Novice: 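Pasting a structure below so you can have a look.
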Amino acid sequence: MKIVSIILAVLAGSIMMVSAQNRVLVSKKQQHLWVISQSNDTLLSVKVSTGKNPGNKQRRGDMRTPEGTFPITQIQNASSWTHDFNDGAGERKGAYGPFFCRLSTPGFSGIGIHGTCFPELLGKASSEGCIRMHDDNLRKFVKLVGKGTKVTIQP
């Protein structure tokens with residue numbers, strides 16, 4: 001039983017290393033995200049929503065998505081998280097979908113890739129600065145990335 005546990009741990013570590021070697025490209029102009037393998041194969045191609053306001057993030061609360069290349073630092077279970085969108089509906093459970101993939105964005109905190117409770121807005125600039133995708137696509141996404149995966153966000 002101990003040998004099986006060791007083999008599973010090694011395999012899980014190998015999968016995480018391969019996932020971290022994939023890269024992510026986000027186009028704010030196209031409102032699209034791709035996961036690309038080391039051999040330049042497209043592993044996932046999905047519509048997303050980025051910040052409501054155009055341009056590079058300059059300050060907290062400006063509703064812009066930062067531009068540049070940022071590593072994923074953490075993949076968190078966000079299934080119980082809530083958020084108030086200040087639309088009069090109050091706190092919404094499931095606002096972030098099942099996961100929150102936290103990005104290291106120097107000068108800013110709380111920026112990540114996550115699900116959405118507004119799938120009808122995908123393909124439109126509509127977020128508060130994060131990158132939103134359909135919850136089903138997010139489940140596929142987290143299987144292809146890991147801690148250290150580079151995410152390049154283009155204007």
Side-chain angles (χ1 to χ4, degrees), residues 12-13 15-37 41-155:
I15 291 169
M16 288 297 289
M17 286 175 45
V18 169
S19 296
Q21 291 171 357
N22 292 333
R23 65 187 193 282
V24 178
L25 176 62
V26 177
S27 168
K28 292 175 15 178
K29 180 179 181 181
Q30 295 178 34
Q31 296 296 312
H32 209 88
L33 175 147
W34 297 267
V35 178
I36 303 163
S37 73
D41 293 320
T42 300
L43 304 174
L44 184 69
S45 173
V46 298
K47 281 194 306 187
V48 295
S49 290
T50 60
K52 292 177 188 177
N53 293 325
N56 194 8
K57 188 155 196 68
Q58 297 178 19
R59 64 184 178 287
R60 184 170 193 217
D62 66 6
M63 305 288 184
R64 292 183 173 111
T65 300
E67 298 166 0
T69 300
F70 314 102
I72 294 175
T73 58
Q74 197 174 24
I75 298 176
Q76 299 170 273
N77 179 342
S79 57
S80 65
W81 294 8
T82 62
H83 185 71
D84 187 341
F85 293 93
N86 296 315
D87 59 1
E91 293 280 323
R92 291 181 196 247
K93 187 174 182 190
Y96 296 94
F99 300 100
F100 188 90
C101 303
R102 192 169 300 279
L103 301 176
S104 175
T105 53
F108 305 103
S109 62
I111 301 293
I113 300 170
H114 59 79
T116 184
C117 59
F118 301 114
E120 69 278 7
L121 296 177
L122 293 172
K124 299 176 178 131
S126 61
S127 82
E128 295 177 6
C130 287
I131 299 157
R132 298 178 185 164
M133 70 173 64
H134 194 282
D135 291 355
D136 291 339
N137 290 331
L138 182 63
R139 288 181 187 92
K140 295 173 190 172
F141 178 78
V142 299
K143 292 177 182 176
L144 299 171
V145 300
K147 187 176 178 181
T149 299
K150 301 286 189 231
V151 177
T152 299
I153 304 170
Q154 299 177 331

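Any value given below was found using the heavy atoms of this structure, including those in side chains, with hydrogens, waters and symmetry copies removed. Just so it is clear, the model here is predicted, and its values are computed rather than measured.
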Novice: Without swapping roles, check the side chain of Arg132 against the backbone of Val48 for a donor-acceptor pair under 3.5 Å.
Specialist: no
Novice: Mind checking whether Asn77 and Pro98 have side chains closer than 4.5 Å, heavy atoms only?
Specialist: no
Novice: Ignoring hydrogens and angles, tell me if any N or O in the side chain of Asp62 forms a donor-acceptor pair with the backbone of Gln58 under 3.5 Å.
Specialist: yes
Novice: Would you indicate whether the side-chain heavy atoms of Gln30 and Lys47 approach each other to under 4.5 Å?
Specialist: no
Novice: Keeping the roles fixed (side chain from Asp84, backbone from Asn86), state whether a donor-acceptor pair exists under 3.5 Å.
Specialist: yes
Novice: Taking the inter-plane angle between the rings of Trp81 and Tyr96 on a 0 to 90° scale, is it parallel (under 30°), tilted (30 to 60°) or perpendicular (over 60°)?
Specialist: perpendicular
Novice: I'd like to know if the side chain of Thr149 and the backbone of Arg23 have a donor-acceptor N/O pair within less than 3.5 Å.
Specialist: no
Novice: Find out whether Glu128 and Phe85 are in side-chain contact, i.e. whether some heavy atom of one side chain is under 4.5 Å from a heavy atom of the other.
Specialist: yes
Novice: Rounded at 0.5 Å granularity, tell me how far CZ in Arg102 sits from CD1 in Ile113.
Specialist: 12.5 Å
Novice: Mind running side chain to side chain donor-acceptor pair (under 3.5 Å) on Gln31 and Thr50 for me, showing each step along the way?
Specialist: CA-CA 7 Å; Gln31 296 296 312; Thr50 60; 2.7 Å; yes
Novice: Donor-acceptor check, side chain of Ser127 to backbone of Gly129, threshold 3.5 angstrom: yes or no?
Specialist: yes
Novice: Roughly how far apart are His114 NE2 and Cys130 SG, rounded to 0.5 Å?
Specialist: 4.0 Å
Novice: Using only heavy-atom distances, determine whether the side chains of Thr69 and Thr152 contain a donor-acceptor pair under 3.5 Å.
Specialist: yes
Novice: Give a yes or no answer on whether the side chain of Ser49 reaches the backbone of Leu121 with a donor-acceptor pair at less than 3.5 Å.
Specialist: yes
Novice: Counting C-beta onward and ignoring hydrogens, is there a side-chain heavy-atom pair between Asp41 and Ile36 closer than 4.5 Å?
Specialist: no
Novice: What verdict does the side-chain contact (heavy atoms from CB on, under 4.5 Å) test give for His134 and Leu122, after you've listed the backbone C-alpha separation in whole Å, the side-chain angles of each residue and the deciding distance to 0.1 Å?
Specialist: CA-CA 8 Å; His134 194 282; Leu122 293 172; 3.8 Å; yes
Novice: Give a yes or no answer on whether the side chain of Asn22 reaches the backbone of Val35 with a donor-acceptor pair at less than 3.5 Å.
Specialist: no
Novice: Check the angle between the aromatic planes of His32 and Trp34 and answer parallel, tilted or perpendicular using the 30° and 60° thresholds.
Specialist: tilted
Novice: So, Ser104 side chain and Pro71 main chain: donor-acceptor pair closer than 3.5 Å or not?
Specialist: no
Novice: Phe118 versus Ser126: any side-chain heavy-atom pair under 4.5 Å?
Specialist: no
Novice: Is a side-chain donor or acceptor of Lys140 paired with a backbone partner of Leu43 at a separation under 3.5 angstrom?
Specialist: no
Novice: Would you say Leu33 and Met133 make side-chain contact, with heavy atoms under 4.5 Å?
Specialist: yes
